[in-house]
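Right, one structure below, let's go through it.
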Amino acid sequence: MIVFLILVGFTMKYVWPPIAKALDDRAAKIAEGLAAADKAKSELSAANKRVEAELGQARNESAQRLADAERRAQAIVEEAKARATEEGNKIVAAARVEADQQALKAREALREQVAALAVKGAEQILRKEVNAGVHADLLARLQTEL
């Protein structure tokens, strides 16, 4: 019994403390591992929530940009239509001005021709030559009346 008590005393003093310390260290490591796993799980959950929030924000931004791009495209189309209409109006106005000028030139040419014909007719009626230098005032008045 003395040997047993010596063995128990020796074991309690020299063998049991390192075994207990090893068991406590192992339990602490397992507890740390479980805590780290729980922490990693919560961080993963938080990261997933952040990723979802970022994806939602990115989707909203892309939808906003797409809507802005569509509005800008529509504005560009409207602007191009307005410019085309304006350019068409300018072309029509220029054509009208040119037509008016052509008509004015044609009237002037016609007046000159009618005046020349009137002079020739008067020559034929009077049976003598009408001098343009002498009768310039008369011819100018005739042209303005025509």
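Hydrophobic side-chain contacts under 4.5 Å tie Met12 into a cluster, directly or through other members, with Phe4, Val8.
Expressed to the nearest 0.5 Å, how far CG of Asp25 lies from CD1 of Ile30 amounts to 11.0 Å. The distance from atom CZ of Arg65 to atom CG of Asn60, rounded to the nearest 0.5 Å, is 12.0 Å. Between atom CD of residue Glu86 and atom NZ of residue Lys90 there is a gap of 4.5 Å, rounded to the nearest 0.5 Å. Put simply, CG on Leu5 and CE on Met1 are 5.5 Å apart, with the number rounded to the nearest 0.5 Å. Of the inter-residue distances, the one linking Asp100 atom CG with Arg107 atom CZ reads 8.0 Å to the nearest 0.5 angstrom. One finds the CG atom of Asn89 at 8.5 Å from the CZ atom of Arg96 (value rounded to the nearest 0.5 Å).
Applying the side chain to side chain donor-acceptor pair (under 3.5 Å) criterion to Asn48, with sequence neighbours excluded, gives no partner residue. Scanning for side chain to side chain donor-acceptor pair (under 3.5 Å) contacts around Gln101 gives an empty result, with sequence neighbours left out.
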Glu54 vs Arg50, salt bridge (charged side-chain N to carboxylate O under 4.0 Å, His left out): CA-CA, chis, key distance, verdict: CA-CA 6 Å; Glu54 289 292 325; Arg50 284 194 310 266; over 6 Å; no
Under the criterion salt bridge (charged side-chain N to carboxylate O under 4.0 Å, His left out), I'd like the reasoning laid out for Lys49 against Glu52: C-alpha separation, chi angles, the key distance, then a yes or no. CA-CA 5 Å; Lys49 287 178 183 176; Glu52 287 298 322; over 6 Å; no
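Within the 4.5 Å cutoff, side-chain heavy atoms of Ile6 are placed close to those of Ile2. Side-chain contact between Arg72 and Asp68 is absent, with no heavy atoms from C-beta onward closer than 4.5 Å. No side-chain heavy atom of Ser45 sits less than 4.5 Å from a side-chain heavy atom of Lys41.
For Arg83 and Glu87, the salt-bridge test fails: no basic side-chain N is under 4.0 Å from an acidic carboxylate O.
Around CD of Glu98, the count of heavy atoms belonging to other residues, nucleotides or ligands within 6.0 Å does not exceed 12.
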